[in-house]
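Here is the structure we will look at, set down as C-alpha cells.
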Number of protein chains: 2
Amino acid sequence: MGTTQLDTVPEPKYWHLRTVLSEALDSEFSVGEILPNERDLAARFGVARATLRQALEQLELEGRLQRRRGVGTTVAPPRMGVAVGTEQHTWPGAVGDAWQPVDCATAVAPAAVARALETGSEERVHVVRRSLVTHGQPVAAELLYIPSSSVPDLSGIDAPSGTARARSVLRELQHLELEGEDRAVELGSARADDAKELDRLPGAPVLLVTTRFFAEGRTAAVSVATYRADTCRLTFGDTGGVEIHHDPERRAS
Amino acid sequence: MGTTQLDTVPEPKYWHLRTVLSEALDSEFSVGEILPNERDLAARFGVARATLRQALEQLELEGRLQRRRGVGTTVAPPRMGVAVGTEQHTWPGAVGDAWQPVDCATAVAPAAVARALETGSEERVHVVRRSLVTHGQPVAAELLYIPSSSVPDLSGIDAPSGTARARSVLRELQHLELEGEDRAVELGSARADDAKELDRLPGAPVLLVTTRFFAEGRTAAVSVATYRADTCRLTFGDTGGVEIHHDPERRAS
DNA sequence: GAGTGGTCTAGACCACGCG
DNA sequence: GCGTGGTCTAGACCACTCG
C-alpha cells in the first residue's frame with residue numbers, strides 16, 4: 001500500500017465549495033432568493049466562515065450572487081448588457097444618450113489625461129460628471145474631461161457649475177465634428193467616491209472604460225467611465241451581444 | 001470631552017494600507033523590484049498577515065503588483081494594450097492574426113453557444129483552441145466554436161485533430177464572407193484549465209470577451225476568449241488606446 | 001435589539017520555485 | 001531545505017439594515 005499517490009492534486013476547499021454552491025444555485029434557487037447566512041452555510045459545509053466567504057466572493061465576482069451588509073446574500077439576476085460602443089460614433093450628450101449629467105466643474109486633469117488632451121499639465125479643463133442608471137439601479141459613473149478649446153463659445157452661459165452647466169458644456173460639444181474615437185477597457189477597483197455612487201464598498205471590482213474623442217485632428221475630450229463589474233456586461237457593436245456566460249444548461253442531457 | 005464623534009467613519013485598515021503601499025510603489029520602487037515578504041510587511045505595518053494580504057490583493061487587481069508562490073511579490077509593469085476589435089473586421093486566423101492555433105476537436109457546445117449558433121443542443125461543432133502570447137507571456141486563451149455548416153468543404157483533410165486540423169478549419173473559414181461581428185466584455189474568474197494556460201491560479205480575475213461572427217445571414221462562429229485581467233488592457237478602435245490609469249504623476253507639481 | 005455581512009487577528013500547515 | 005505566497009481555522013468585534 002503506502003501512499004498510492006494517485007490522489008489528484010488537492011483542489012482548494014473554497015474552489016470546490018464554489019462549484020458545489022454554483023450547482024446548487026442552478027438547481028435549487030431562483031433569482032432574488034435569499035441564501036442562508038454565512039455562519040449557517042459554513043457550518044453546513046463544515047468549513048470556517050472565512051473559507052466559505054472566499055467561495056462566495058468568487059461567485060459574486062462572477063455575477064452570480066449579490067451580498068449586502070445587514071441584509072443577506074441573494075441570487076443575482078443575469079448581468080445586464082450595457083451598450084458601450086456603437087458603430088455610429090456620437091458625442092456624449094447627443095440625442096438618445098442614456099447618461100444623466102450630474103454636475104460640472106473646472107479642474108486640473110490627471111497627468112495622463114492631460115497628456116492625451118495635449119493640454120499643459122497645469123491647465124484647467126471642464127470636468128463633467130455623469131451617471132448611468134438602468135432599471136433603477138446605478139450602473140456606471142463617468143468623468144468627462146473637456147478642454148476649453150473644445151467648447152470655445154461657452155462664454156456668458158448662465159450657471160457657473162451644476163447640472164445646468166454640465167448640459168451647456170455638452171451642448172457646445174455637439175458643434176464640433178466628431179472624427180473618431182478610441183476605447184480601452186480594463187479591470188480596476190472602485191475609489192471611495194465611485195463606490196458610493198455605485199452603491200458598492202470601496203475596492204469593489206469595476207470595469208474602467210477610457211474613451212478618447214477626436215475632432216479637428218486632435219483629442220477633443222477624454223471620458224473615464226467606471227462600470228460595476230458584478231452586474232454589467234459591456235456590449236460593442238450594434239446588435240447587443242449574446243449572453244453566453246453562466247448557463248445552467250451547460251451539461252448536455 | 002467624551003466622544004467628540006468628529007472622527008470620520010473609520011476607513012478599513014486594508015484600504016488605508018492599500019493607499020500607503022500604492023504611494024510607496026510610486027515613490028520608492030521600480031518595475032520588477034521585489035517587495036519584502038508578506039510576514040515582514042505585515043509586521044512592519046503592525047497588522048495581521050491576512051489584512052496585509054487583502055491590501056496586496058487590491059493592488060494586484062489593479063495591475064500594480066504581481067505575486068508568485070515560491071518567488072515573491074514584484075512591482076508589475078504597466079498593463080499591456082491588447083487590440084481586440086479593429087474597425088476592419090476579419091475572421092480569426094486571417095493574415096496578421098497574432099493568435100496561435102493550439103488544437104482542434106469536435107464537441108457539443110455549451111447550451112448558450114449552441115443557441116447563438118442556432119445549432120441543435122446535441123449537435124457537435126468544431127472547437128478550435130487558440131492562445132495569445134505577447135512578449136513571451138501568455139495573455140489570453142480562446143475557444144472558437146464553429147459548426148460544420150460554416151466549413152462545409154472540410155472533408156478529407158489530413159489530420160483528424162491537433163494543430164494541423166485547427167489550421168485547416170481556420171483556413172476553410174476564410175472562404176465565407178464575413179458580414180459583421182458582435183462583442184461583449186465581462187468580468188469572470190479563470191476556470192482551472194484556463195488558469196493553467198494563463199499561468200495563474202484557479203479563480204484569478206479574467207476578462208471574458210465573447211464574439212459572434214456573422215456570415216450568410218446567421219451566426220457562423222462564436223469565440224469565447226479569456227484575457228488575464230491583471231496584465232491586460234483591452235483596446236478597441238484602430239489607434240491603440242491611451243494609457244490613462246494609474247499614473248504616478250497624478251499630483252500636479 | 002437582533003441578525004446580517006465586513007473586518008481583523010494569531011496562528012497553523014501546504015504547494016511551489018529555486019538554489 | 002528553505003523561503004515564498006496560498007489555504008484554512010476559530011474566534012472576536014464592527015457597521016449596517018430592518019422590524
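The figures that follow rest on heavy atoms only: side chains count, while hydrogens, waters and symmetry mates do not.
Proximity of B:S131 to B:E142: side-chain heavy atoms (C-beta onward) are nowhere separated by under 4.5 Å. Side-chain contact check for A:L234 versus A:V209: some heavy-atom pair is nearer than 4.5 Å. With a 4.5 Å cut-off on side-chain heavy atoms, B:P92 and B:R130 count as touching.
Between B:D194 and B:R191 there is a salt bridge, since a side-chain N of the basic residue sits under 4.0 Å from a carboxylate O of the acidic one. By the 4.0 Å N-to-carboxylate-O rule, B:R67 lies close enough to B:E57 to be salt-bridged with it.
In this structure, CD of B:Q66 is placed 14 Å from P of C:dG17, rounded to the nearest angstrom. The CG atom of B:D199 sits 16 Å away from the P atom of D:dG5 (whole-angstrom rounding). For the pair A:E57 CD and C:dT7 C1', the interatomic distance rounds to 11 Å; values are reported in whole Å. Atom-to-atom, CD of A:Q54 to P of C:dC14 comes out at 17 Å; the value is rounded to the nearest Å. Remark: P of D:dC8 and CD of A:Q58 are 12 Å apart, rounded to the nearest angstrom. Going from atom CZ of A:R18 over to atom C1' of D:dC8 covers 19 Å, rounded to whole Å. D:dG5 atom C1' lies 16 Å from atom CG of B:L59, rounded to whole Å. Following rounding to the nearest Å, A:E38 (CD) and D:dT9 (C1') show an atom-to-atom distance of 16 Å.
Using a 4.0 Å cut-off, some side-chain N or O of A:K13 falls inside it from OP1 or OP2 of D:dT9. Proximity of A:T73 to the phosphate of C:dG5: a side-chain N or O atom is located under 4.0 Å from OP1 or OP2. Here B:Y14 reaches the OP1 or OP2 of C:dT7: one of its side-chain N or O atoms lies under 4.0 Å away. OP1 and OP2 of C:dT7 both lie 4.0 Å or more from every side-chain N or O belonging to B:T51. The phosphate of C:dT4 (OP1 or OP2) has a side-chain N or O of A:N37 nearer than 4.0 angstrom. Applying the 4.0 Å criterion to OP1 and OP2 of D:dG6, one finds that B:R53 has a side-chain N or O inside that range. Residue A:R68 has no polar side-chain atom (N or O) positioned under 4.0 Å from OP1 or OP2 of D:dT17.
The side chain of B:R67 sits closest to D:dG6 out of D:dG6, C:dT9, D:dT9. Checking C:dT7, C:dT9, D:dA10 against every side-chain atom of B:P12, the shortest atom distance belongs to C:dT7.
Map B:L35 and B:A50 each onto its nearest nucleotide of DNA chain D; the residue landing nearer the 5' end is B:L35. Both A:V71 and B:R49 sit near DNA chain D, but only B:R49 has its closest nucleotide nearer the 5' end. When the nearest nucleotides of DNA chain C are assigned to A:D40 and B:G70 by heavy-atom distance, the more 5′-ward of the two goes with A:D40.
Side chain B:R69 to base D:dG3: no donor-acceptor pair is found below 3.5 Å. Below the 3.5 angstrom threshold, one finds no donor paired with an acceptor across the side chain of A:R39 and the base of C:dG3.
Residue-level contact check: B:L201 touches the backbone only, with heavy atoms under 4.0 Å from sugar-phosphate atoms and none from bases.
With no hydrogens or angles considered, a side-chain donor-acceptor pair links B:R64 and B:S22 at under 3.5 Å.
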